[in-house]
Amino acid sequence: DEEAAVINLSCHDDLRGEGCNNAPVLPAYYYISRIPASVSSVTVLADDSRITELHGIHHHGKALTDELRMYYPRANVEFRTVSSGAEAYSRMTKAAHLVCPPGFACLLPSLARQSRTDEEREGDRISGKMTTTTTTALIDDPLNYPWFRRMRDQQAPSIGLIPSSAFPTMQAGDIADLTEYLKQKPPPGSKICRLLRGKSGSWVKDMEYASSAQYVTPLRRYKVTKFIPTDQEPFPGASTYRWEDDLCPMEHASREGMCDLMKHLGMGRVLIVGDSLGLQFARSFWKLMGMEDDPEPHRSDDAWTPWSQYQWSRTMECPENGWNFEISYTRNDFLNAERESLHFQKWGEDSNCGGNSYCFPWLNQYSDYAGPGSTLFIANMGSHAHSDDEFRTAFGEFISSLKAKQRPGDKIMFRTTAPGHEGCQNPDVRPLDWHDEFAPTLKADYKSWHLFGGYNDMASQIVREEAISSSPSLQVDVLDVYPMTVLRPDGHEGGAEGCERCREDDCLHYNLPGPPDHWVHLMYSNLRDALR
C-alpha cells in the first residue's frame, strides 16, 4: 500500500526551446504543506529534453529534491527525468498525491485521477484494508484556463485549486540563488504554518530559554532527581534546549496566552485522553500555565484514590479576562470507548485492556459536556499497540465512536507518538541533528518502537479519509510531535538526570520540564494560527 507523491515540473508548451528558464518556481513550503508526512515516496518529475540551462528545470528539480529530503526523512525522495509525456501522465494519474506549480501540464492528469467513493471507503474499513486518500493540489489560474474550474466541479471536486496569490511565484531565470529561494519561510502569521511547524528544525541550547522553562514548583515525581545544579549548569540539561523551526516560529504557551486563546475560540474545556505519554502532556500543560501544585491529587489529599492520577479535572482561572476553562485528563491506552470505570487498590491489579494497559471511560465525558463553550479535545494512542493490525483496529474504532458523538464547534487533535531511544542512560547523550542519526537505533523488539512511525502514518491516512467523506465528515488535526521528538534521546526518565522514583530503564518517558513541553508549545502555536 505505497503512498506516493508526485511533483511535476514539466515545462509549459509555450516555454519549450527556452530550457525552461522562465518556468514558474514556488518555495518548497508550498509542496510541504500539501504532501503529508506519511508518504512512502516523493518523486520530482522533469522533462529530460529540457535540462540544459543552469537555472532551468533540471537545476530547479534537483534543488527542490534536496530541500524536500529534509522534510520527508522516512520516504524515498528522488528527482527523475521522463522521456515522454505519456510516462509523466501515467505517474501523475497513479500517484496518491499530485502537487504542481502553475501551468498546463497537470490539468488533464488531475481530471483523470480517481478518488474512492464513500461506499468503497466503508468497505475498506470493514475489511481492515488501509485506504490511501487521493489528493491533488494545483495553483488556480482562471484567466489562463477558465474551462478547468467548470470541469473540476463536474468531474473531480476533490481537486484543490489554490489561489495564485497564496504563494509567491517567480520565474527560474530571475532567481539569483535558487536554493535560498526554495528555503524561504511563509509570511509572518501565515495560517499555513499549522501544516508546517515541527516538521524540520533543530534543538538549540539556550540558557535564557532554560531559565523561563523551569516550572514555578517541580512536579512531585521529579522533585528529587539525579541532577546536581552548578554555576555553569544551573538547570537540568533536558530543559535547556529550545526548538528552532526551519519554517515557522514556535510560540511558547503561557496561562495569559492560553486564556486569551480559549476566550477568542469560545472554548471552555481542554480534554486530554490517551496513554501515559498523554499524562505527561497533561502535566506539562498544567505546569506551563504557571501552576504551583500538581494537577492530580496527592496521597496526602482527602480526594486521593489509587486511580486519581489517571482521571482528573481542574479549573484554570483566568483573572485577566474572566474566561476560566477546564483541564481534564483521562487515561485510555487504546482510546477505547466501551470500557467500564476502573477502581483498584493496588497498581497492576485490575488492568482491563490487556497487559499493563488501562482504559478509563471517556466518551460520555466528552459528549455530555454542557459548557460553557466548546471543547479542545486532544487524543493519542500507540505506545501500547504491538502490531499494525492492533493499532488500525483500535484507531478505527476510536474514530467511529467520535463520529457518533461529535459536537459542532469542538476542535479535535490527534497527537502522534514518538518512540523511545535505546541507550538513553549514556551520560554523554545529546540532541541529534538529523533523523538519519536516529533511524539506525530502532530495532524490532517487545517495545515495538520501530512501529510507531507507521502507526502515525495510519492515523494520518484515516484522518484524511474522514475529512473528505460525506455525511458526516470528521475534522481532526494531526499534532505531529514525532519529527522533533525523535531528535531528543536526552532527558528520558531513565537517563543520567532521571528522577529517583523513575524506572532506570525507562527510555520512553521524559523528565519534566523537558521535550514534552514543546508538544504543548506546538499545540498552542497551531491554535494561534487558527485565529489569524
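Below, each value reflects all heavy atoms present in this structure, side chains not excepted, and no hydrogens, waters or symmetry copies.
Classification of the Phe391-Tyr455 ring pair by plane angle, with boundaries at 30° and 60°, yields parallel. In this structure, His421 and His492 have tilted ring planes: the angle between them lies in the 30° to 60° band.
Side-chain polar atoms of Glu78 and Thr65 form no donor-acceptor pair below 3.5 angstrom. In the model, Thr225 has no side-chain atom that pairs as donor or acceptor with a side-chain atom of Glu497 under 3.5 Å. A donor-acceptor contact closer than 3.5 angstrom is absent between the side chains of Tyr510 and Asp490. Side chain to side chain, Glu326 and Ser313 meet the donor-acceptor criterion of an N or O pair below 3.5 Å. Glu504 and Gln425 are not linked by any side-chain donor-acceptor pair at a separation below 3.5 angstrom, with hydrogens and angles left out of the test. Counted by atom type alone, Thr330 and Gln311 present one or more donor-acceptor pairs between their side chains at under 3.5 Å. Between the side chains of Trp519 and Thr485, at least one donor N or O lies within less than 3.5 Å of an accepting N or O. For the residue pair Trp286/Asp294, the side-chain donor-acceptor check at 3.5 Å is not satisfied. Using modelled atom types and a 3.5 Å distance limit, the side chains of Arg269 and Thr375 yield a donor-acceptor pair.
With salt bridges taken as basic N to acidic carboxylate O contacts below 4.0 Å, one links Glu422 and Lys447. Remark: Arg69 does not engage Glu67 in a salt bridge, criterion side-chain N to carboxylate O under 4.0 Å. Using a cutoff of 4.0 Å between basic side-chain nitrogens and carboxylate oxygens, Asp480 and Arg415 are not scored as salt-bridged. The existence of a salt bridge linking Arg430 and Asp428 is excluded, since no basic side-chain nitrogen approaches an acidic carboxylate oxygen closer than 4.0 Å. Electrostatic pairing of Asp246 and Lys185 does not count as a salt bridge here, judged by no charged N lying under 4.0 Å from a carboxylate O. Ion pairing between Lys411 and Asp477 holds under the 4.0 Å rule for side-chain N and carboxylate O.
Because its NZ or CZ atom is both nearer than 6.0 Å to the ring centre of Trp203 and within 45° of the ring axis, Arg488 counts as a cation-pi partner of that residue.
Checked against the 6.0 Å centroid threshold, Phe167 and Tyr29 count as a close aromatic pair. Separation of the Tyr482 and Phe452 ring centroids does not fall under the 6.0 Å cut-off. Ring-centre distance between Phe79 and His58: below the 6.0 Å cut-off. Ring centroids of Phe334 and Phe395 are separated by 6.0 Å or more, keeping the two rings apart. No close placement of the Tyr524 and His521 rings is indicated, their centers lying 6.0 Å or farther apart.
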### Chi angles and distances behind the salt bridge (charged side-chain N to carboxylate O under 4.0 Å, His left out) call for Glu493, Arg221
CA-CA 10 Å; Glu493 289 187 0; Arg221 180 177 178 84; 3.0 Å; yes

### Message
As a quick check of understanding, evaluate side chain to side chain donor-acceptor pair (under 3.5 Å) for Thr217 and Lys287, giving each step before the final call.
### Response
CA-CA 8 Å; Thr217 57; Lys287 297 302 283 187; 3.0 Å; yes

#### Entry: Test log, rule salt bridge (charged side-chain N to carboxylate O under 4.0 Å, His left out), inputs Asp529 and Arg194
CA-CA 6 Å; Asp529 290 340; Arg194 66 184 180 84; over 6 Å; no

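Judged purely by atom type and a 3.5 angstrom limit, Trp362 uses its side chain to pair as donor or acceptor with the backbone of Asn336.
The number of heavy atoms from other shown groups lying within 6.0 Å of NE2 (His264) does not exceed 12.
Side-chain atoms of Leu479 and Thr416, non-hydrogen and from C-beta on, never get closer than 4.5 Å to each other. Side-chain contact between Pro236 and Gln214: present, with at least one pair of heavy atoms (C-beta onward) separated by less than 4.5 Å.
Separation of atoms CD (Glu3) and CE (Met458) is listed at 12.0 Å; rounding is to 0.5 Å. Remark: Asn380 CG to Phe398 CZ distance equals 9.5 Å, nearest 0.5 Å.
Residue His518 forms a ring-ring contact (aromatic ring centres under 6.0 Å, His included) with just one option from Tyr209, Phe285, Tyr241, and that option is Tyr209. With respect to Asp293, the salt bridge (charged side-chain N to carboxylate O under 4.0 Å, His left out) criterion is satisfied by exactly one of Arg220, Arg283, Arg314: Arg314.
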